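Both backbone and side-chain heavy atoms feed into the values below; hydrogens, waters and symmetry mates do not. As the structure is a computational prediction, the values presented were derived from the model and not from experiment.
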Amino acid sequence: MTVLAVEGMTCKHCQKAVQDALEAVNGTTSAEVSLDDHRAIVQGDADVQKLIDAVTEEGYQASLMS
C-alpha cells in the first residue's frame with residue numbers, strides 16, 4: 001500500500017482524474033482518492049515515482065506520505 005498526499009484537487013472531477021491516472025499505472029490494483037483528506041491510497045506494487053508522475057501529468061502535486 002502507498003499513501004500519497006495530493007494537492008490541487010478542488011472538485012469531484014479532479015478526484016476522478018487523479019483516481020483514473022493512478023489506476024492506469026502498471027502495478028496498481030486499486031486506488032482510493034479522498035477529496036476531503038487530499039490523499040490517495042494505492043493498493044498494489046506500482047512504483048511510487050510512477051504514481052507521483054501520473055498525478056503530476058494530470059496537473060496536480062503528489063508526494064509520499066510518511
Revision key, fill the gap. Nearest heavy-atom approach of Leu35 to Lys12 is CD2-N, 4.0 Å

Exercise for review: Could you grab the distance from atom OG1 of Thr2 to atom CD of Gln43, nearest 0.5 Å is fine?
Suggested key: 8.5 Å

Check your understanding: What residue pairs, at least two apart or across chains, pass side chain to side chain donor-acceptor pair (under 3.5 Å) with a residue in residues 44-56?
Key -> Gln49-Asp53

Exercise for review: Return the minimal non-hydrogen interatomic distance between Leu64 and Val48, and the atom names on each side.
Suggested key: CD1-CG1, 4.2 Å

Study note, to complete from the structure: Closest non-hydrogen atoms of Cys14 and Gly8, given as atom of the first, atom of the second and distance, are SG-O, 4.5 Å

Check your understanding: For the residue pair Thr28 and Leu22, what are the closest heavy atoms and their distance?
Key -> OG1-O, 3.0 Å

Check your understanding: Taking only residues two or more places apart in sequence, or in another chain, which ones meet Ala24 in a side-chain contact (heavy atoms from CB on, under 4.5 Å)?
Key -> none

Point to revise | Non-neighbouring partners of Asp37 that pass side-chain contact (heavy atoms from CB on, under 4.5 Å), sequence neighbours left out | key: Ser34, Arg39

**Study point:** Results of side-chain contact (heavy atoms from CB on, under 4.5 Å) for Gln61 - residues two or more places apart only
**Key:** Glu7

**Study point:** Smallest separation among heavy atoms of Val25 and Ala54, with atom names
**Key:** CG2-CB, 3.6 Å

Review point. With sequence neighbours left out, which residue pairs that include part of residues 14-26 fulfil the side chain to side chain donor-acceptor pair (under 3.5 Å) condition?
Key: Lys16-Asp20, Gln19-Glu23

Practice item. Apply side-chain contact (heavy atoms from CB on, under 4.5 Å) to Val33 and Val6, showing your working. Key: CA-CA 9 Å; Val33 179; Val6 181; 5.5 Å; no

Exercise for review: Return yes when atom CD of Glu32 has more than 12 non-hydrogen atoms of other residues, nucleotides or ligands closer than 6.0 Å, and no otherwise.
Suggested key: no

